[in-house]
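Since the structure is predicted, the reported quantities are computational estimates derived from the model, not experimental observations. Every chain is numbered from 1, with letters handed out A, B, ... down the list of sequences.
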Protein chains: 2
Amino acid sequence: MELDQLAECYKAMADKTRLKILALVKHEELCVCELVEILKMTQPSISQHLRKLKQAKLVKERRSSQWIFYSIDGEMYPFIKENLNALPDMSSDIEQLKTSGMKVCCT
Amino acid sequence: MELDQLAECYKAMADKTRLKILALVKHEELCVCELVEILKMTQPSISQHLRKLKQAKLVKERRSSQWIFYSIDGEMYPFIKENLNALPDMSSDIEQLKTSGMKVCCT
DNA sequence: TCATAATATAAGAATATACTTATATCAACA
DNA sequence: TGTTGATATAAGTATATTCTTATATTATGA
């Protein structure tokens, strides 16, 4: 793996918000508005962070009607994937979203 | 490991020059002037990069008379160490330095 | 086709980063 | 003590990053 690409990858991970996004979509795919709801940030801000993660090939998107779901890109290098295991567990935030009725229920 | 600390760590790795430094000191400890010589960058620039790596606890320093030798900090988290294995082999640059007679020979 | 919901993009401001030049620190040694 | 070599720090500038607000895109459904 080339240094440029590698630095690009770490640059994508060098931000607390993006690490949180990775920690969240690691559990299950989430759409933008769900991330907005969980992270309490504006939609454009989340969208821009997702673009960086996508450019670094850390997440991939799947469109389903008007929603775009993001999830971990399985093509990721194994040693990068190891890093995701070290992220804190944020499943409770997703659970909370579900119980609050905000979870998008369509696929 | 907390998100702040983790982001700090990736921020330290989110730069091509610092990745090169890590790839170099992974082989053996090197002093600042050796890194300056190999990377063809100014001394203050290298020094500032080393400070960031040190703050992120990725490298440690050892003073020996007027030289300060930098090496990988063994206290590093295992999953971070995995990342170092993915760095390109730069041992030839060190060999080249040695044959050119620039290698600091004192300990 | 029009209105709406979800998302992306653009542009601007505030902040952070990386390099440069100049200077300070610190150890060795005459 | 004064000088030299190695390294660190400071200050300034150019560039990059992140957030905000405003607007564009895309799909859905009346």
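- Between the side chain of A:K57 and the backbone N or O of A:K54 there is no donor-acceptor pair closer than 3.5 Å.
- What separates CG of A:L50 from C1' of D:dC19 is a distance of 15 Å, to the nearest Å.
- Among B:E29, B:E61, B:R62, the single residue meeting the side-chain hydrogen bond (donor to acceptor under 3.5 Å, both in side chains) criterion with B:Y70 is B:E61.
- Side-chain nitrogen and oxygen atoms of A:Y70 include none within less than 4.0 Å of the OP1 or OP2 phosphate oxygen of C:dA6.
- Following rounding to the nearest Å, B:I68 (CD1) and C:dT25 (C1') show an atom-to-atom distance of 10 Å.
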Would you list the atom pairs, donor with acceptor, under 3.5 Å between side chains in residues 10-17 of chain A and any protein atom, with sequence neighbours excluded?
residue, atom, partner, partner atom, Å
A:Y10, OH, B:N83, OD1, 2.6
A:D15, OD1, A:T17, N, 2.9
A:D15, OD1, A:R18, N, 3.1
A:K16, NZ, B:D4, OD1, 3.0
A:K16, NZ, B:D4, OD2, 3.4

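- The NZ atom of B:K54 sits 10 Å away from the C1' atom of D:dT7 (whole-angstrom rounding).
- Note that CD1 of B:I38 is 10.0 Å distant from SG of B:C33, once rounded to the nearest 0.5 Å.
- Side chain of A:K81 to main chain of A:G74: a donor-acceptor pair is present (N/O by atom type, distance under 3.5 Å, no hydrogens or angles).
- Looking at A:K26, its side chain does come within 3.5 Å of a backbone N or O of A:L84 through a donor-acceptor pair.
- A search for salt bridge (Lys or Arg N to Asp or Glu O under 4.0 Å) contacts involving B:E8 returns nothing, not counting sequence neighbours.
- Considering CD of A:E2 and SG of A:C9, their distance stands at 14.0 Å, rounded to 0.5 Å.
- Here the P atom of nucleotide D:dT18 and the CG atom of A:L39 are 15 Å apart, to the nearest Å.
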For nucleotides 26-30 of chain D, tabulate all protein N/O to nucleotide N/O atom pairs closer than 3.5 Å, reporting atom names and distance.
none

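- Between B:I94 atom CD1 and B:E28 atom CD the span is 4.5 Å, to the nearest 0.5 Å.
- Atoms CD (A:Q55) and C1' (C:dT9) sit 12 Å apart, rounded to a whole Å.
- One can place CH2 of B:W67 at 14 Å from P of D:dA8, the figure rounded to the nearest angstrom.
- Between the CD1 atom in A:I46 and the CD atom in A:E37 there is a gap of 11.0 Å [rounded to 0.5 Å].
- With sequence neighbours excluded, the residues satisfying side-chain hydrogen bond (donor to acceptor under 3.5 Å, both in side chains) with A:S71 are A:K60.
- Across its full length, the helix from C:dT1-D:dA30 to C:dA30-D:dT1 shows an angle of 10° between the axes of its 5 terminal pairs at either end, rounded to 10 degrees.
- At whole-Å resolution of the value, NZ in A:K20 and P in D:dT18 are 14 Å apart.
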remark   = Counting primed atoms, P, OP1 and OP2 as sugar-phosphate and everything else as base, the B/S/- map of nucleotides 18-24 of chain C against protein heavy atoms under 4.0 Å is SBBBB--

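- Put simply, CD1 on A:I46 is 10 Å from P on D:dT20, counting in whole angstrom units.
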